[in-house]
Amino acid sequence: MAQLVEGISRTFNEFLLLPNRTSIECTPAAVDLRAPLVRHVTGETSAIELRTPFTSAIMQAVSSPELAIALAREGGLGFLHHNRPVENQVADVRAVKNFKAGFVVSDTNVRPTDTLGHLWELMERTGHSTAAVTDDGTASGLLLGLVTSRDFHPQRHDAAALVSTRMVPVEKIAHSRDDIALSQANARLWEERLDCLPTVDESGRLRHLVFRSDYTDNKRFPTQLVDDGKRLRVGAGVNTHDYRDRIPALVDAGVDVLAFDSSDGFSDWQAEALTWAKKHYPDVPVGGGNVVDGEAFTFLAGAGAGFIKVGVGGGSICITRDQKGIGRGQASAVLDVAAARDAYRDDTGQYVPICSDGGLVHDYHVALALAMGADFVMMGRYFARFDQAPGAKIPTRDGFVKEYWGEGSSRARNWQRYGQGGRGLLFEEGVDGYVPYAGDLHEGLATTIAKIKATMVSCGAADLAMFKATARLTLVSEQSFQESHATVTVRETAGMD
């Protein structure tokens, strides 16, 4: 007969944190949210350390290059999805790695033989008032000059006139070689009273534009997650089917970390793939998962996983539990796997971080996941709401929404991930829907981080290690759960004297 695992499968909604004593020094400004991303020797620092414990889900509806850039600038990490040709995923990795804070790849480019009318239409479309003039009209062509909205006016100048008649030639433009540091570029902008400083390679081909207006923008992101070359870090998802082709291409593109993406990672296929990746690319950490118990964690850790994702069937877009009857409440899964991680650390001297993936509906759920032992979280619905996510923004009667679909939905066509015994998705394990639009990632994540820091302060913890070690949890009854919510009726005053 089947083995009955002791304990009840519990969710984050069933727990609350008890406040601990808060010292005078423990303030939100003093809270440190750094977290290890990948396996490391106990007592040493992880080779990649998140500045804030957030990663984006390996999903088509979530992890665009734009979102990966925005999240890395906040100290987190985006994982670009793999449900597409290798070359497309590689191009997205390169887009993130080639992004340089303050160094802008020009998207408003013309040739000297283009008309001013074409230039004006291009500026209207991109919303930018500075255009690079190159020999081929591309962002990497030979730089011939610049033209801005101050150099011509659509009502004062003939739309049929050529760009060459109004542009400032490169000989009269301050510019720099592309090895200039951002601090040096910013210094030139201010000292030479420049609005824009182009950078070019040894052949004179355009590489980037540095704008005075971007100086303050870079001050907004003091916790950016960067590699040794000061490039933003980025992750990528892989599967157990084409990893021998996909991984080499992603590594060549400069990916920082990989993650096997599976609804159930407790398999010999994933163990073999992890072993292969560790053998051929020992310097590139590869995460495993997903799992829901300690036995599965130990299995993947033994196969060389750099970190392990926890959670099956708990995502807002996932219906695996409904369709297959497998999974576990996310709180129970995280607590069990965290205990196995600590036992593995004590036995081997290796610390393998765990990621809570799914089941995070409210901001305080993130705090609970971290308190229960997760080193960082991975979220889909949360990030799908923001401008930087790839889903379309759609107006409704009640406000804007963003498209959001699961990797197990028919729309995703991700049949390889789910292995249902045929070529094609025989039944869905995810749905296709919408989430409320939430604006810019920077502003939304800042609010969530503020809540987590406030929670940690109430628990007397100034960093995540202390939070895990000292957090106290209590189970919540149905009545106390109801007590947690405001139940105020708004008084009607319209028409009253």
Checklist entry - Given Thr448 and Tyr382, is the side-chain hydrogen bond (donor to acceptor under 3.5 Å, both in side chains) satisfied, shown in steps? => result CA-CA 10 Å; Thr448 299; Tyr382 178 88; 2.6 Å; yes
Next on the checklist: Working note: Asp178 + His208, criterion side-chain hydrogen bond (donor to acceptor under 3.5 Å, both in side chains); need CA distance, chi angles, decisive distance, verdict.
Outcome noted: CA-CA 8 Å; Asp178 58 355; His208 297 100; over 6 Å; no
Item to check | Pair Phe221-His442, ring pair (Phe, Tyr, Trp, His ring centres under 6.0 Å): steps then yes or no | outcome: CA-CA 9 Å; Phe221 305 104; His442 174 71; 5.2 Å; yes
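Between the side chains of Ser64 and Gln388, no donor N or O sits under 3.5 Å from an acceptor N or O. Checking Ser176 against Thr199 by side-chain atom types alone, no donor-acceptor pair falls below 3.5 Å. Donor-acceptor pairing under 3.5 Å is lacking for the side chains of Thr396 and Asp398.
A heavy-atom distance below 4.5 Å is found between the side chains of Phe376 and Thr55. Side-chain contact check for Val457 versus Cys26: some heavy-atom pair is nearer than 4.5 Å. Side-chain atoms of Tyr364 and Asn13, non-hydrogen and from C-beta on, do get closer than 4.5 Å to each other.
Of the charged side-chain nitrogens involved, none lies within less than 4.0 Å of a carboxylate oxygen, so that Asp179 and Arg177 do not count as a salt-bridged pair.
Taking the six-membered ring for Trp and thresholds of 30 and 60 degrees, Phe79 and Phe307 have ring planes inclined between 30 and 60 degrees apart.
Evaluation of the salt bridge (charged side-chain N to carboxylate O under 4.0 Å, His left out) rule for Asp252 yields Arg94 as partners, not counting sequence neighbours. The salt bridge (charged side-chain N to carboxylate O under 4.0 Å, His left out) check on Arg246 picks up Asp242, with sequence neighbours excluded.
When atom types are taken as modelled, the side chain of Asn290 and the backbone of Gly311 share a donor-acceptor pair closer than 3.5 angstrom. Of the possible donor and acceptor atoms, none in the side chain of Asp92 sits under 3.5 Å from a partner among the backbone N and O of Gln89.
In the displayed structure, Arg10 atom CZ is contacted under 6.0 Å by more than 12 heavy atoms of other residues, nucleotides or ligands.
Taking the ring axis of Phe400 as reference, the NZ or CZ atom of Lys393 stays within 45° of it and closer than 6.0 Å to the ring centre.
Taking the centre of each ring, Phe12 and His362 stay at or above the 6.0 Å mark.
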